[in-house]
2 protein chains.
Amino acid sequence: MAALWQCQGVTSPSTAGAVRQGSLRELNLAVVLRRIATADRPPSRAGIAAGTGLTRATVSAVVDDLIAGRLVAEAEPAPRTGAGRPARGLVLAGDGPAGLGLEVNVDYLAACVVDLTGAVRHHLVRRADLRPVSPADALDRLAALAAEARAAAVRDGLTLAGAALAVPGLVDGGGLVRLAPNLGWRDVDVPALLAGRPLAEPVDGIPPLVVDNEANLAALGELHAGPPGSTSFLHITGEIGIGAGIVLDGTLYRGARGWSGEIGHIPVQPQGRPCRCGGQGCLERYAGQETILAAAGLAGADLPADTAAIRLADLAGAGDPATLTALADAGTALGVAVAGVVNLLDLDTVVLGGGYAPLAPWLRPPVVTEISRRVLTAAWSPVTVRPAALGARSAAVGGATSVVRRVVDQPVAWLARSG
Amino acid sequence: MAALWQCQGVTSPSTAGAVRQGSLRELNLAVVLRRIATADRPPSRAGIAAGTGLTRATVSAVVDDLIAGRLVAEAEPAPRTGAGRPARGLVLAGDGPAGLGLEVNVDYLAACVVDLTGAVRHHLVRRADLRPVSPADALDRLAALAAEARAAAVRDGLTLAGAALAVPGLVDGGGLVRLAPNLGWRDVDVPALLAGRPLAEPVDGIPPLVVDNEANLAALGELHAGPPGSTSFLHITGEIGIGAGIVLDGTLYRGARGWSGEIGHIPVQPQGRPCRCGGQGCLERYAGQETILAAAGLAGADLPADTAAIRLADLAGAGDPATLTALADAGTALGVAVAGVVNLLDLDTVVLGGGYAPLAPWLRPPVVTEISRRVLTAAWSPVTVRPAALGARSAAVGGATSVVRRVVDQPVAWLARSG
DNA sequence: CCATTTAATTCAACCACTGAACAAATTGTG
DNA sequence: CACAATTTGTTCAGTGGTTGAATTAAATGG
């Protein structure tokens, strides 16, 4: 729990411009709330005052607002420390706002509910091959699953503060899915197709649904769920395509147009195999799942993506030589690309997620080898390569987390909601 | 001038935490000053009020403080627009604070003075081969040049608000140069060697000298000097090594440990030529100046880096076939690496700086070719490839600009200075 | 049991912004 | 040329939210 908010950067005032008088309280609500969220143990009002430089009077007033708004609760008194009146510990409320995370992928739908403390309260998954299904029908089914998750949240006394939908493709601002090749989607306007559903109706002015790239949301989930300390990392999602979420200084980097992370088309053999993107020698052609499956002798199996990864892990675990060679080669190609990225961005961590997560035991060694060979500063300060803490299904959790994170960053929007 | 501050992102409050009462004024000083800095034409107090949402009363009070602090001046009345009392235009003061930019490089020393408006008021360059010179002696000479520049600034009525030193190497926080291979420096503690010089003495609490990587400062300079609109770009400095400054969303990205930008060691031929870094097939071995010179038949010439670039440009301009081939090959290698970076980061602009600036006419075509072949989203939205606006000597100017930029972002630090 | 210590609240003071009224400076019109 | 219209900039009482000191609350320790 403590690690949840560990890594986020400083947020600028929501006005992003003039600082009006009321902004003072608005900003300090966020400051105090973040302090509570990032603390190792429940802090006292006095401790927050000492840590932030605000007076105890101000902190008390701010905390009163936060408690009244169900964002903060008083915890059991902490173990005794010495003389003096005992402090009353403050924690994030577990019964206030929650985030709804949704995911549409090639062979499953997922919905999950995360509360303010970062706990995953519900997680529903429906397996289904969605490739032959129209976008409208797929979103129909998703809406049904979302309604189920919402009902479960309401039974827990939680209030949904928003929802985030993860899609394996390029997403434009405003929820337009430009292209999701593996789903067969092109220019799908998600909010329009969901019109009339509770998901699409704004609740008290809070934007109801954010659509984002799967890799981005998975990286956000990893930022909160992973071990603290890594504020700049690459979260690689190896599915049919290879995507990456880039977190720099604790902030997700989306790119000039929101299309960052196309690591699958980094050239690793400039004169190598042609790629469907029109290029040549792209990483995807050497470390993509199709290539690994073919090299392992599973070319015609036509398995769903996550099943395929587990099948490969089983074979590798059993010592199948073709599979081991396939994974070693893929890992080396991945390592070459990652080494270039680390040289450029000076990252301290690389996370293997998506379909790579279960294959990490075999992919990690060649990746580490290439990094240590090719990264200039590797000798000074090592680069951590690890599997995703949330495993292969992190996008929905990451989406839900991004919703509650927004509440922590801008508590006024939540407090202004209803009372 | 208007473009100078065009691209910077929103700055978070300097407290980076609690918002105390006084912070209100502190923040609004910055808001109003930035508004004046980024405006196309000198704005009026009323216009600023309308644009920021502050009241005219507040803006007047803030502007009074800024004028008293010599950060802002009233301009000649703007051309008439209609009825009503004429507005008094506000501009950044050209006679207040200024930034001192310094550069130590292999074959020259440079110092320049930039005022608040972004104008380069002085620019001194001393050519000298600094490789055989000890770090202490080199910094001695630099201090002398800096003193000259400072004297020139004082004659103009300017007050230096700080200095920034560009070094071609890895710089640690606190001014320790870990490694500058081309200068032959290792673990050089710049502030310690400058102790006792006016450069090293803090003036009214303002940190006197910031040491930073040459590529980083050059990128910052390009951010301000270049055409507006490109907020995410890569500034590539092609010298003996190849470095890059990375600007994302208008902010320089330094990396987890401050060592970002080692684009020279991105693998472009994983099984290719061995590199002195221990890796294989690094970009530097295909697009570095040494390689280009050798391919052009100038291997033994031992020219200083900038002279070499101009020599190559002359040969290419004259149609020398070996040189043209060398540049085409280097450009292709560069394009492969850049395509990978653009795929990953979704940049809209790539700037060819340093030694690449004069060679841009020949390097650009192959780079553009590789980008259009290999970048997924190139069809949707084109990537601009252009030479550096500040040319090969942009690091010193960029450093000076970063100093005055800090004044604009945190005017209170300057105002609290002396009165 | 009381001095000591630390936590949290109360309250007058104060700072900076707010909003409205007012003064200043120009254009346009009869 | 006088006067209404218009826009800029300033003045001033009012207010929201922080400040700092005093006060109350609740524990420990001799």
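Quick note on labels: first sequence line is chain A, next is B, and so on, each numbered from 1.
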My understanding is that only residues two or more places apart in sequence, or in another chain, count here; which of them pass side chain to side chain donor-acceptor pair (under 3.5 Å) with [X]?
| X | result |
| --- | --- |
| B:E74 | B:R45, B:R88 |
| A:R56 | none |
| A:D64 | none |
| B:D348 | none |

> Do B:R121 side-chain atoms and B:G94 backbone N/O form a donor-acceptor pair below 3.5 Å?
Replying inline: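 It does hold such a pair.
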[X]: which residues meet the side-chain contact (heavy atoms from CB on, under 4.5 Å) condition with it, sequence neighbours left out?
| X | value |
| --- | --- |
| A:A50 | none |
| B:P43 | B:I36, B:A39, B:I48 |
| B:S402 | B:A164, B:L217, B:L220 |

> Does anything in residues 59-66 of chain A reach DNA chain C, meaning a heavy atom under 4.0 Å, and if so which residues?
Replying inline: A:S60
Nearest-angstrom distance from the residue atom [atom1] of [X] to [atom2] of [N]:
| X | N | atom1 | atom2 | result |
| --- | --- | --- | --- | --- |
| A:L29 | D:dG17 | CG | P | 10 Å |
| A:E26 | D:dG16 | CD | C1' | 14 Å |
| A:R56 | D:dG17 | CZ | C1' | 18 Å |

Presence of [X] side-chain N/O under 4.0 Å of [N] phosphate oxygens OP1/OP2:
| X | N | value |
| --- | --- | --- |
| A:S44 | C:dT6 | no |
| B:R25 | C:dC17 | yes |
| B:T58 | C:dT18 | yes |
| B:R88 | D:dT8 | no |
| B:N28 | C:dA16 | no |

>> Regarding D:dG9, can its base be found pairing with the side chain of B:R45 as donor and acceptor, where the two atoms are less than 3.5 Å apart?
In response: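 No pair found.
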>> Is there, by distance only and without an angle test, a donor paired with an acceptor across the side chain of A:Q21 and the base of C:dA16 below 3.5 Å?
In response: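 Per atom types, the contact qualifies.
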Restricting to nitrogen or oxygen on both sides, can you table the protein-nucleotides 1-6 of chain D pairs closer than 3.5 Å?
residue	atom	partner	partner atom	Å
D:dT6	O2	B:G84	N	3.2

> Are A:D249 and A:T251 close enough that a side-chain donor and a side-chain acceptor fall under 3.5 Å?
Replying inline: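 There is no such pair between these side chains.
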> Where each residue is assigned the nucleotide of DNA chain C containing its nearest heavy atom, which of A:E74 and B:L24 is assigned the position nearer the 5′ end?
Replying inline: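 On the 5' side of the pair lies A:E74.
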> Counting any heavy atom closer than 4.0 Å, what does A:A46 reach on the DNA or RNA strands: base, sugar-phosphate only, or nothing?
Replying inline: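 Sugar-phosphate contact only.
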